[in-house]
Protein chains: 2
Amino acid sequence: MSEGRMTQGNMGESLLFLTDEQLRQGIEAMFFAYRGFTADPDRILADLAYGRAHHRAIHFINRAPGTTVNNLLAILGVTKQSLNRVLRTLIADGLVESRVGTSDKRERHLYLTDAGRALESQLSDAQRARMRAAYRDAGPEAVAGFKQVLEAMMDNDMRRAYVRLRDGS
Amino acid sequence: MSEGRMTQGNMGESLLFLTDEQLRQGIEAMFFAYRGFTADPDRILADLAYGRAHHRAIHFINRAPGTTVNNLLAILGVTKQSLNRVLRTLIADGLVESRVGTSDKRERHLYLTDAGRALESQLSDAQRARMRAAYRDAGPEAVAGFKQVLEAMMDNDMRRAYVRLRDGS
DNA sequence: TTGGAATGTCAACAAGGCTGACATATGCTG
DNA sequence: CAGCATATGTCAGCCTTGTTGACATTCCAA
């Protein structure tokens, strides 16, 4: 992008990379890749009477222990009724613990129990294994590009949430 | 992260790019980006009493006009009952046409009508606009990496379907 | 002619979204 | 202190989109 003048190969690429055909390929790549992305955890969850929604909650509670319900709602982008249904089962099953806030007692702070952390590991190990294989196949430069494009694709709110998590809230 | 003496920004990256932390970032990037990826079509579809399932069917029928139901089932990865419910409404609403096969009359070949193509355009224009913006922000080299990683993340079956579509079935 | 493939359809069910309404605690502000 | 706002939980009902199982029809191919 910032090299001087273009070689012909380079220029062709630059001129073509915004064609509808290229964009369509990216769209289909996202579609098919997302299926692979969720496939392994989904298989594990199916045996446990849990679904993708439980996985997401567990992931982000593990990521930011002590996070509040409101926080989680903002990250997950669902209604509190929808999240609550999921949290209720996770708490009932002893995977998540909900503690009343100390400074503000209206808030509930969420933590994984040991059992919750065990499931989280199992799920994220599976998902990371696929990610690791993909990263290895593609190489570090491809990975940098991958993240750049994904980040540019996010809504502003989500990009902020992503960066906050990434850089340590 | 990228300062420094060593060409080692590079070497650090190479050594670190398979850490769990890097993998987790990729996982979260996929999660947040996929939300953005589907957001614009979802908004359009909400007004039309259609959902993401209709969008997917319309997309792949447009992509491969005359495709059979079985073909579509393999690509979408859902049951025929689930797909059929979607196709029935699209056919009833005059967006999709189903023609009995000529060589094999058991097969149904699916085509978009003019109205179907109009909706397809509306949906994919919205999705492409976001993709285009992301591509432009990230640049052609990032885009190449993006596609490489996504392709490596797919299940084998899906990768085959993706490549077949990409290279012109 | 017969088996199997491709398709369509019915019924029932579940997950996980949604809205709307309402209850309870708690914090904050005038 | 009164009253409003905030954070959370919960009930009820609805929708989409996935699932399984069963069954009918049509038609190709051995």
Side-chain angles (χ1 to χ4, degrees), chain A residues 31 34-35 38-39 41-61 66-93 96-111, chain B residues 31 34-35 38-39 41-61 66-93 96-111:
Chain A
F31 172 70
Y34 199 77
R35 289 256 292 281
T38 58
D42 281 357
R43 262 188 293 275
I44 295 170
L45 290 158
D47 297 334
L48 301 176
Y50 290 142
R52 222 174 270 179
H54 301 83
H55 182 193
R56 290 195 283 256
I58 288 174
H59 174 95
F60 286 108
I61 292 172
T67 191
T68 63
V69 172
N70 244 9
N71 248 327
L72 207 49
L73 283 177
I75 286 178
L76 296 176
V78 297
T79 58
K80 69 174 177 177
Q81 292 91 331
S82 198
L83 174 59
N84 196 254
R85 179 170 38 200
V86 166
L87 281 182
R88 216 182 316 163
T89 72
L90 291 175
I91 292 169
D93 294 350
V96 167
E97 192 191 348
S98 168
R99 296 186 206 153
V100 173
T102 50
S103 64
D104 185 337
K105 292 179 184 166
R106 291 170 305 180
E107 297 179 336
R108 301 302 144 94
H109 298 268
L110 303 170
Y111 299 87
Chain B
F31 171 70
Y34 199 77
R35 289 255 293 281
T38 57
D42 281 357
R43 262 189 293 275
I44 295 171
L45 290 158
D47 297 334
L48 302 176
Y50 290 143
R52 222 174 270 180
H54 301 83
H55 182 193
R56 291 196 281 255
I58 288 174
H59 174 95
F60 286 108
I61 293 172
T67 191
T68 63
V69 172
N70 241 14
N71 249 327
L72 208 49
L73 283 178
I75 286 178
L76 296 176
V78 297
T79 58
K80 69 176 177 178
Q81 293 90 331
S82 197
L83 174 58
N84 196 256
R85 178 170 37 202
V86 166
L87 282 181
R88 216 181 317 162
T89 72
L90 291 174
I91 291 169
D93 295 350
V96 168
E97 192 190 348
S98 167
R99 296 186 206 153
V100 174
T102 50
S103 63
D104 183 338
K105 291 179 185 166
R106 289 167 306 180
E107 297 179 337
R108 303 303 145 94
H109 297 268
L110 303 169
Y111 300 86

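Put simply, OG1 on Thr67(A) and CG on Leu73(A) are 9.5 Å apart, with the number rounded to the nearest 0.5 Å. Rounding to the nearest 0.5 Å gives a distance of 12.0 Å between CZ of Arg108(A) and CG of Leu87(A). Interatomic distance, Asp93(B) CG to Tyr50(B) OH, rounded to the nearest 0.5 Å: 3.0 Å.
Annotation: salt bridge (charged side-chain N to carboxylate O under 4.0 Å, His left out) contacts involving residues 41-56 of chain A, sequence neighbours excluded, comprise Asp40(A)-Arg43(A), Asp42(A)-Arg52(A).
Summarising the geometry, the separation between NZ on Lys105(B) and C1' on dA29(D) is reported as 15 Å, rounded to the nearest angstrom. When rounded to the nearest whole Å, the span between CZ of Arg88(A) and C1' of dA12(D) equals 12 Å. One interatomic measurement links the two molecules: CG of Leu87(A) to P of dT10(D), which rounds to 10 Å at whole-angstrom precision. The distance between atom CG of Leu83(A) and atom P of dA7(D), rounded to the nearest whole Å, is 15 Å. In this structure, Leu76(B) places its CG atom 18 Å from P of dT16(D), rounding to the nearest Å. Here the C1' atom of nucleotide dG9(D) and the CD atom of Glu107(A) are 15 Å apart, to the nearest Å. Atom CZ of Arg85(A) and atom P of dC14(D) are 15 Å apart (whole Å). At whole-Å resolution of the value, CG in Asn70(A) and P in dT6(D) are 11 Å apart.
Regarding contacts with the backbone of dT17(D), a side-chain N or O of His54(B) is found under 4.0 angstrom from either OP1 or OP2. OP1 or OP2 of dG18(D) sits under 4.0 Å from a side-chain N or O of Arg56(B). Contact annotation: Asn84(A) side-chain N/O to dT8(D) OP1/OP2 distance is not under 4.0 Å.
In terms of polar N and O atoms assigned as donor or acceptor, the side chain of Arg106(A) comes within less than 3.5 Å of the base of dT6(D) in a complementary pairing.
Of the residues near DNA chain C, Ser98(B) and Ala53(A), the one whose nearest nucleotide (by heavy atom distance) lies more toward the 5' end is Ser98(B).
Of the options Val86(A), Leu83(A), Asn71(A), a side-chain contact (heavy atoms from CB on, under 4.5 Å) to Leu76(A) is made by Leu83(A) and by none of the others.
Partners of Glu97(B) by side-chain hydrogen bond (donor to acceptor under 3.5 Å, both in side chains), not counting sequence neighbours, listed by chain and number: Arg99(B). Phe60(A) pairs by the ring-ring contact (aromatic ring centres under 6.0 Å, His included) definition with Phe31(B), Phe32(B), not counting sequence neighbours. Every residue two or more places apart in sequence or in another chain was checked for a ring-ring contact (aromatic ring centres under 6.0 Å, His included) with His59(B), and none qualifies.
Nearest heavy atom pair, residue Leu45(B) against residue His55(B), reads CD1-CB, 3.7 Å.
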Contact list (N/O, under 3.5 angstrom) for nucleotides 20-25 of chain D vs protein:
{"from": "dG21(D)", "atom 1": "O6", "to": "Gln81(B)", "atom 2": "NE2", "distance (Å)": "3.0"}

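The outermost nucleotides of DNA chain C lying under 4.0 Å from heavy atoms of chain A, listed 5' to 3', are dG16(C) to dG27(C).
Counting any heavy atom pair closer than 4.0 Å across all strands shown, Ser103(A) reaches sugar-phosphate atoms only and no base atom.
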